[in-house]
Q: 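After the structure tokens below, expect a handful of questions from me.
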Amino acid sequence: MLLLSKKIGYSISFVIFVLLLSACTSQTSFTSGEAKNTKKLTLLFNVQSNTIDPHTDVNYTASRAGISETLVKIDDEQQLQPWLATSWKSKDGQNWTFQIRPNVTFHSGAPVDAQAVKSSLERVTQENPAIRNALHIEKMTANGQTLQIVTDTPLPQFPSELVHPNTGIIDTSVDASTPSGTGPFVLTQFKPGIEVDVKRNPSYWNGQVKLDEATFSFNEDANARLLALQSGNADVVYRFPVESLSQLQTDPNLVIESVPGLRAHQLIYNMENPHLGKLPVRQAIDALLNRQEIVDAVMSGQASVAEGPFLADSPLSPKYTAKPFDIERARTLFAQAGYTVTNGQVTNNGAPLTFNLVTYQSRAELPIIAQLLQANATQLGIKLNIQQVDNADEYLAENKNWDMAIYSFITAPRGDASYLLNSVYTPTGGLNYGQVKDPALNTLIQQLNQTVDVEQRNQIAQQAVEMIDRNLLHSYIIHPNNFVAHQKRVSGWVTSKSEYYMLTKDLDVN
């Protein structure tokens with residue numbers, strides 16, 4: 001299975017894509033002398049977006065393309081930093097006062113004051129149920145540059161929730177399909193599923209923007225992204241095929257960056273499936289995951305084994321249960337769950353077990369991980385039907401005919417466990433695709449939501465994660481590195497752990 005993922009050669013679609021990029025490059029290189037000096041950069045991203053509305057786009061394109069900004073920012077040390085808000089305070093975790101940065105304007109020219117921020121937050125809570133459930137805003141009062149927010153319950157982590165790119169502040173008097181944000185770049189054109197074109201914001205509040213123009217392109221085919229990088233038609237390529245790492249490192253014209261990320265690749269179980277609702281069955285399937293092989297062979301070492309949702313040295317992590325790869329143990333667990341095991345093959349009432357496994361290709365390793373799990377399950381006579389979908393979030397949310405999913409998301413993007421716990425493990429969580437319904441866990445999460453002290457919050461988070469680990473509500477597989485390649489002429493690029501910030505004011509080409 002793994003060998004199939006490394007076929008030599010490119011499809012016609014690869015060539016067409018590169019020719020299109022070449023055509024764009026040629027047009028800019030034969031214009032006037034002024035145009036020749038235009039500083040333009042092309043970034044090739046691995047996930048396509050069909051909307052640019054920062055309040056609803058699950059791919060955070062407006063944030064990544066430098067169009068929208070949030071009140072609060074996260075740094076690579078997972079510490080909150082002021083952004084469009086200069087400060088915030090609360091005595092009880094429920095009544096908050098934010099000071100909005102003065103002398104900032106939207107791309108439309110309208111001033112960014114507390115009323116404008118209030119209107120933007122009101123819009124996102126109307127348009128995005130997941131954000132509405134995360135923010136718990138009861139009322140807001142705007143006065144000049146001071147915004148007062150009252151949540152419907154004490155929410156000590158409230159500022160960290162405002163890091164989420166979906167809370168990006170935009171001018172609500174402008175159609176959100178062409179959003180007017182505050183970032184270093186102004187939207188000039190959006191082609192759904194293809195690219196975002198931006199130009200320098202000459203009035204950017206945070207200093208000089210070095211690039212004149214940039215194109216944020218989408219292509220989910222890792223080999224196409226690699227070809228665009230090698231041909232020079234892309235300046236920055238996010239997540240090139242990891243098996244090409246050693247080859248790219250020898251190219252003197254390229255710079256390769258790889259940093260530990262906050263993301264976890266995981267196996268989601270649909271708890272409404274009568275088989276997967278049994279803990280021994282989930283434990284048996286987990287035993288079929290060869291995590292170290294995935295790190296070494298699939299990721300070429302650019303990842304670490306995941307023991308749980310957070311890195312093992314995180315203050316949010318308990319002591320995780322060991323999860324060895326052991327096919328014989330999987331057979332034993334199926335037998336304990338009441339299934340028949342004859343000559344190493346697992347059956348239920350004389351019939352083999354069959355599961356539908358969903359994944360997607362924008363992260364090239366995910367289908368390969370699915371294939372490896374499929375191959376190991378076959379040794380037990382279990383059939384996994386692999387289905388690749390274009391938009392995993394939409395598919396998992398809207399369909400019920402799947403049993404498992406190989407999925408990936410950032411588990412601690414804002415330095416707090418509440419994002420993962422509330423969005424994935426509460427009944428109303430926006431990412432609770434597996435229909436997890438655990439009253440004891442939900443009670444613990446609500447306790448976390450009302451706790452102010454950081455040390456106490458971390459202790460409660462560890463208890464919650466230990467419960468998730470003990471009951472194997474998800475199987476966390478690996479923590480992949482964020483790896484990016486860019487042309488040597490590019491400067492100012494930073495590969496962030498959060499993956500939220502990409503086109504910045506400091507990005508430049510020489």
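Computed from a predicted structure; not experimentally measured.
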Q: Cut-off 3.5 Å, no hydrogens considered: what does the side-chain donor-acceptor table look like for residues 184-191, sequence neighbours left out?
A:
from: Thr188; atom 1: OG1; to: Asp197; atom 2: O; distance (Å): 2.8
from: Gln189; atom 1: NE2; to: Asp197; atom 2: OD2; distance (Å): 2.9

Q: Which heavy atom of Leu288 sits nearest a heavy atom of Leu373, and at what distance?
A: CB-CD1, 3.7 Å
Q: Please find the pair of heavy atoms, one from Trp402 and one from Ile268, that lie closest to each other, and give the distance.
A: CH2-CG2, 3.9 Å
Q: Does a side-chain N-to-carboxylate-O contact under 4.0 Å join Arg239 and Glu220?
A: no
Q: Taking the side chain as everything from C-beta on, heavy atoms only, tell me whether Ser108 gets closer than 4.5 Å to Asp171.
A: yes
Q: Salt bridge or not for Asp75 and Lys497, using N-O below 4.0 Å?
A: no
Q: Of all residues at least two apart in sequence or in a different chain, which pass the ring pair (Phe, Tyr, Trp, His ring centres under 6.0 Å) check with Tyr476?
A: His474
Q: Above 12 or not: heavy atoms from other molecules or residues under 6.0 Å from CD of Gln81?
A: yes
Q: Got a sec: does the CG of Asp92 have more than 12 other heavy atoms crowding it under 6.0 Å?
A: yes
Q: Between Ser49 and Phe218, is a side chain to side chain contact (heavy atoms under 4.5 Å, CB included) present by the stated rule, with each step listed?
A: CA-CA 8 Å; Ser49 181; Phe218 312 116; 3.9 Å; yes
Q: Take atom NZ of Lys199 as the centre, draw a 6.0 Å sphere, and report whether it contains more than 12 heavy atoms from other residues, nucleotides or ligands.
A: no
Q: In chain order, what residues pass the salt bridge (charged side-chain N to carboxylate O under 4.0 Å, His left out) check against Arg263, with sequence neighbours excluded?
A: Glu499
Q: Do Asp53 and Arg123 meet the salt-bridge criterion of a basic N to acidic O distance under 4.0 Å?
A: yes
Q: Between Thr56 and Asn128, do the side chains contain an N or O donor and an N or O acceptor separated by less than 3.5 Å?
A: no
Q: Mind checking whether Tyr407 and Tyr433 have parallel, tilted or perpendicular rings, split at 30° and 60°?
A: perpendicular
Q: Check whether any side-chain heavy atom of Ile169 lies under 4.5 Å from a side-chain heavy atom of Glu69, and answer yes or no.
A: no
Q: Does the side chain of Glu257 pick up a donor-acceptor pair with the side chain of Thr495 at under 3.5 Å?
A: yes
Q: Examine Tyr238 together with Phe483 and report whether their ring centres are nearer than 6.0 Å.
A: no
Q: May I ask you to decide if Leu448's main-chain N or O and Arg457's side chain share a donor-acceptor pair within less than 3.5 Å?
A: yes
Q: For the CG atom on Asp390, are there more than 12 heavy atoms of other groups (residues, nucleotides or ligands in this structure) within a distance under 6.0 Å?
A: no
Q: Just do the side chain to side chain contact (heavy atoms under 4.5 Å, CB included) check on Asp286 and Leu267 with the steps written out, would you?
A: CA-CA 9 Å; Asp286 185 271; Leu267 179 63; over 6 Å; no
